[in-house]
Number of protein chains: 2
Amino acid sequence: MTDFLECCNRYAPLDKASADGLCLGLKAKTYKKGEYILREGEVCKYLYFLSKGLAKISFEKGDKEFIMRFFSGNVLFSVFESFITQAPSPYRIVALEETTVMLISHRRMEELCKKHHDVETLFRKVLSIVAIRMTKRISEMLEENATERYTQFVKEHHSILQRISLGDLASYLGITQQSLSRIRAKK
Amino acid sequence: MTDFLECCNRYAPLDKASADGLCLGLKAKTYKKGEYILREGEVCKYLYFLSKGLAKISFEKGDKEFIMRFFSGNVLFSVFESFITQAPSPYRIVALEETTVMLISHRRMEELCKKHHDVETLFRKVLSIVAIRMTKRISEMLEENATERYTQFVKEHHSILQRISLGDLASYLGITQQSLSRIRAKK
DNA sequence: ATGATTTTTTATCATTTGGTAAAACCCGGT
DNA sequence: ACCGGGTTTTACCAAATGATAAAAAATCAT
């Protein structure tokens, strides 16, 4: 709870009323390793705060999986495609370890955004970080080859590297596991 | 002006006061084909509304150019990395035709967001669209090869296809112009 | 510890894409 | 019409990545 509010306050300073509103009815849920937090096709009803563990957002095409992003530490995340529009999610969320998330429902978030200007500011800031991060990823995918992307990932996500399987890392980088293995062997 | 407000209202319905605030001091600027609207390294001071023409956001690495996105029609855009943080832009904006944009300064946008809740909602919605669009692009880059990405682009951006050079399209797809030419020849 | 299952590495060959160069094409200015 | 500059296509070879298969290593449950 403290972590959650601290995280929110890093985005935008919140009134007591807003903070209370966010915490009111905040539910925690724990998933075991490998469990789905959200399945493809389901509507993403929540904004998530990951308080413990590791998760991935991914999708399948044919028999291949592609990973959009990993989440660990104290971060806010969601499948915004689905959360914002309340349409079925093209992506799934899977726990890669025992993972605890706090849930803020879409309905409550909408209410709070309407009621408290600073919650809307918080939401806006969260989305701006997401937009910027996604844009950066696109840059990297355009300008860097697989080897460079791998090196970059190691540099930037050193902390979670050991917790991610090679297969998952390859799915994130957009290459086959064999290619990634080859890249690592070359060094 | 009308187009601008209509565009804004599609994101979020605005009060008269907010609409007036947005329009007050709104400046239009026209760029010739090939002119820079923003250079790499400059701070992006504006949220842009493109009312006429065609523009690209891109960057260079070595002697290659990579294109993040094209803009035409009545759309709001900016280099949000820079606009939001007011840090130097990693990207440039270039007019691909004679292009007219309306400028809303960062300072004014900040003021209006603070003053009018509905402007903040508008801004939030703009960012959510950006985040979703970027995410979709990442999906495509992960799951589709160059040929599929080309086909997809033709399908989705049919209207501006004839106005974009092959070189620019290749830079957007993340392949060389020669590869794109080859892909087109195969069909 | 043992065996079963999963993950990672290695190998081989096919396909895709890049790099370089040159030719063909298109278009605007004179 | 002709020139000149830019754009697009074609060709050739090299490098990167994918597909498939199998071996090796690591992990897990009993």
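Proteins come first, then strands; the chains are lettered A, B, ... in the order of their sequence lines, and each starts at number 1.
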Pair listing, side-chain hydrogen bond (donor to acceptor under 3.5 Å, both in side chains) test, anchored in residues 117-128 of chain B, at least two apart: A:His117-B:Glu120, A:Glu120-B:His117, A:Glu120-B:Thr121, A:Glu120-B:Arg124, A:Thr121-B:Glu120, A:Arg124-B:Glu120, B:Ser18-B:Asp118
Partner set under side chain to side chain contact (heavy atoms under 4.5 Å, CB included) for A:Leu166, not counting sequence neighbours: A:Leu180, A:Arg184
Whether over 12 other heavy atoms sit under 6.0 Å from B:Lys114 NZ: no
Contact state string [nucleotides 15-30 of chain C, B base, S sugar-phosphate only, - no protein heavy atom under 4.0 Å]: --BBSBB---------
Selection: residues 152-173 of chain A, any non-hydrogen atom under 4.0 Å of DNA chain D: none
Salt bridge (charged side-chain N to carboxylate O under 4.0 Å, His left out) contacts in which one or both residues fall within residues 72-86 of chain B, not counting sequence neighbours: none
Donor-acceptor side-chain pairing of A:Ser58 and A:Arg92 below 3.5 angstrom: yes
A:Ile183/A:Ile175 under side-chain contact (heavy atoms from CB on, under 4.5 Å): CA gap, chis, key distance, verdict: CA-CA 11 Å; A:Ile183 285 167; A:Ile175 57 178; 3.9 Å; yes
Nearest-angstrom distance from the residue atom OH of A:Tyr150 to C1' of D:dA16: 17 Å
Euclidean distance, atom CG of residue A:Leu180 to atom P of D:dT17 [Å, nearest integer]: 11 Å
Side-chain donor-acceptor pairs of residues 5-12 of chain A under 3.5 Å, sequence neighbours excluded:
from	atom 1	to	atom 2	distance (Å)
A:Asn9	OD1	A:Leu14	N	3.0
A:Asn9	ND2	A:Leu5	O	3.1

A:Lys64: partners by side chain to side chain contact (heavy atoms under 4.5 Å, CB included), with sequence neighbours left out: A:Phe66
Degree of bending, the helix from C:dA1-D:dT30 to C:dT30-D:dA1 (end axes from five pairs; round to 10°): 40°
Side chains of residues 31-47 of chain A: which donor-acceptor partners sit under 3.5 Å, not counting sequence neighbours?
from	atom 1	to	atom 2	distance (Å)
A:Glu35	OE1	A:Lys32	N	2.5
A:Glu40	OE2	A:Glu60	N	3.3
A:Glu42	OE1	A:Arg39	N	3.4

B:Arg184 CZ - D:dT7 P separation (whole Å): 15 Å
Residues in ring pair (Phe, Tyr, Trp, His ring centres under 6.0 Å) contact with A:Phe80, at least two apart in sequence or another chain: none
Carboxylate-amine/guanidinium contact B:Glu111 B:Arg107, below 4.0 Å: yes
Residue pairs fulfilling side-chain hydrogen bond (donor to acceptor under 3.5 Å, both in side chains) with at least one residue in residues 153-162 of chain B, sequence neighbours excluded: B:Lys136-B:Glu156, B:Gln152-B:Glu156
Measure all distances between protein nitrogen or oxygen atoms and nitrogen or oxygen atoms of nucleotides 25-30 of chain D, and list the pairs falling under 3.5 Å.
none

A:Ser51 and A:Thr100 side chains, donor-acceptor separation under 3.5 Å: no
